[in-house]
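Here the structure comes first, spelled out in structure tokens, and everything after it is commentary.
No hydrogens, no waters, no symmetry mates; every other heavy atom, side chains included, goes into these values.
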Amino acid sequence: MKMSRLYAPTLKEDPTEAELASHRLLLRAGMIRKEAAGLYTYLPLAWRSIMKIENIVRDEMDNAGAQELMMPIMVDADLWRQSGRIDAYGKELIRFHDRHEREFVLGPTHEETVTALVRNELRSYKQLPVNLYHIQDKFRDEFRPRYGLMRGREFIMKDGYSFSATQESLQEEYDKMKAAYANICVRCGLKALPVVADTGQIGGDTSVEFMALADAGEASLVYCDCCGFAADDEAATTKVPVLDGPGNGVLTKIETPGVHAIEELAKFLDVPENATVKSLCIIDAEGNPVLALVPGDHELNDCKAEHVFGEGYRMMTDEELEGFGLPKGSIGPVNLPEGIRIVCDATLEDVHSWGCGANVDGYHFIGVEPGRDFTADEWADLVTVVAGDPCPHCGKPLSAARGIEVSQVFQLGTKYSEAMGATFMDEDGKEKPLIMGCYGVGVSRTLAAVVEQHNDENGIVWPVSVAPYEVSIVPLDVNDELVWPAAQKVADELSQAGIEVVIDDRKERPGVKFADNDLMGFPYQLVFGKRAVKNGCCELKDRATGERVEVAIDEVAEKVAGLVRAARA
């Protein structure tokens with residue numbers, strides 16, 4: 001490919017809208033262009049990389065025994081009613097009517113479609129297991145699409161679904177997909193961790209997501225360097241360290257003038273924050289008042305709270321606090337007004353001397369003991385696990401990081417098959433619901449994640465496996481009678497060897513060519529200058545390391561082809 005023919009309009013300045021490195025660099029390198037909020041066109045360079053990611057996914061899926069098909073983007077809304085998700089999914093689900101006033105949705109995921117597909121076809125245990133997948137555009141009407149390809153309204157995803165007769169068979173499919181997903185990350189050049197995850201809107205009982213580590217990642221996770229445990233902060237659970245507070249278990253009401261925040265209370269009592277208890281006043285999804293109590297140095301986890309209080313729970317307003325007789329900053333479980341449910345974080349259950357509000361403005365209790373001074377209605381996992389908390393497996397301190405979710409595997413069980421009547425005849429002659437798994441890879445998000453992990457101050461640094469072109473050839477003077485023929489000769493030799501080559505034939509200054517080739521991030525650059533060519537040499541630059549070496553023109557094609565093939569493996 002000649003650079004003069006390549007449709008890759010580069011930008012000299014960073015786009016003001018771009019917050020993340022991937023968004024900024026994909027725009028600047030002429031790889032994507034914004035159509036509208038959350039909608040992007042993939043230009044030729046990005047599309048070549050997208051196709052390489054897709055082919056890596058296909059290769060791993062096919063090797064694991066999955067079969068590719070293609071399902072429609074438009075999905076009959078009745079299928080979503082059958083599963084019970086049509087309203088539960090929320091406003092992100094794009095719904096519309098065709099000319100016959102029949103309602104459809106644009107599929108953000110295809111559990112309903114694939115379940116409807118197989119429910120009249122997979123009728124015997126002898127046909128199972130079956131694992132089906134497709135790679136397709138998906139649509140979610142994000143409230144606030146942002147970060148370029150990270151959170152768009154239209155995106156490319158591989159979603160796959162397995163159907164089994166037994167839990168053991170599901171586990172085998174799940175384990176094969178998990179191994180394949182780990183391979184996909186490695187082959188795409190991503191440093192990723194498999195982390196325990198919440199199942200979210202997909203549902204099911206078990207889930208692991210693969211997080212590409214990146215400072216700009218949307219998700220928070222904790223991990224253990226000692227035993228390998230990792231979980232996102234929506235799913236991580238552990239016994240967070242909590243100390244007995246002051247008072248030696250003797251209930252005592254003390255005056256605390258001007259003390260309202262936890263840090264103020266801890267300072268007033270001269271104790272660490274994890275020796276205090278934080279009170280959070282909530283209205284649950286059914287409109288009922290709840291007092292949630294958590295360790296003073298930890299925060300309520302929104303995802304965990306939704307599991308306990310229902311989707312749509314919220315914090316009480318100041319007016320509601322006043323209406324229930326709850327003095328802001330001095331609230332606690334002792335002498336709580338009637339009708340308010342008490343839910344405590346499970347880590348507080350063994351703590352016998354709490355420091356918390358007294359439900360009188362300017363006063364707190366010390367020495368509070370649950371069971372004696374108040375009765376909890378429920379003990380639940382409520383808090384976000386943070387760095388320094390003990391690993392739930394080995395007890396060593398956890399580390400924290402941010403990550404980009406690039407793929408996820410779920411054990412759905414019979415959630416969809418029961419709702420939609422997808423059954424099979426087991427070997428005992430009984431009708432049973434199909435046992436399902438679900439497996440997704442964010443293809444376009446993987447592209448962005450690769451750029452987040454592989455860039456420097458000059459631009460993108462593509463791994464060979466997903467680079468749009470593997471080698472760029474940069475003749476500094478295309479009119480020179482020695483330089484251009486030498487560059488063209490090597491380009492032809494590399495192409496004949498099966499190496500993907502772009503040659504910068506533009507009549508631009510060397511500085512412009514160097515800047516653009518670095519920005520676009522081709523893994524290897526071959527620079528042909530007058531002096532070097534006269535000496536029978538060209539310069540080989542490794543984009544990732546910046547290392548430059550002179551190589552004989554007669555030998556360079558074989559050398560670079562060897563480097564590329566080794567990197568592909």
Output for pair (L128 CG, F424 CZ), nearest 0.5 Å, gives 6.0 Å
CD of Q171 to CD1 of I435, rounded to nearest 0.5 Å, is 11.5 Å
Under the ring pair (Phe, Tyr, Trp, His ring centres under 6.0 Å) test, residues paired with H393 that sit two or more places apart: F229
Quick test of your reading of the model: are K328 and D318 salt-bridged, counting only N-O distances below 4.0 Å? yes
Approximate separation, where rounding is to 0.5 Å, of L170 CG and F410 CZ: 13.0 Å
Salt bridge present between E60 and K158 (N-O < 4.0 angstrom): no
Y416 versus M436, closest heavy-atom pair with distance: CB-SD, 4.0 Å
Could you list the donor-acceptor pairs under 3.5 angstrom formed between side-chain atoms of residues 358-369 and any protein atom two or more places apart in sequence or on another chain?
| from | atom 1 | to | atom 2 | distance (Å) |
| --- | --- | --- | --- | --- |
| N359 | OD1 | G332 | N | 3.1 |
| N359 | ND2 | G332 | O | 2.8 |
| N359 | ND2 | V334 | O | 2.7 |
| H364 | ND1 | T256 | OG1 | 2.7 |

Less than 4.0 angstrom from a charged side-chain N to a carboxylate O is my criterion; do E111 and R85 meet it? yes
Grab the two heavy atoms, one from Q408 and one from S207, that are nearest each other, plus how far apart they are. NE2-OG, 2.7 Å
How close do K278 and G296 get, counting heavy atoms only, and between which atoms? CE-O, 3.5 Å
Nearest-0.5 Å distance, CG of residue D381 to NE2 of residue H307: 9.5 Å
In this structure, CD1 of I342 is separated from CD of E378 (nearest 0.5 Å) by 12.0 Å
Selection residues 129-165 - residue pairs positive for ring pair (Phe, Tyr, Trp, His ring centres under 6.0 Å), sequence neighbours left out: H110-H134
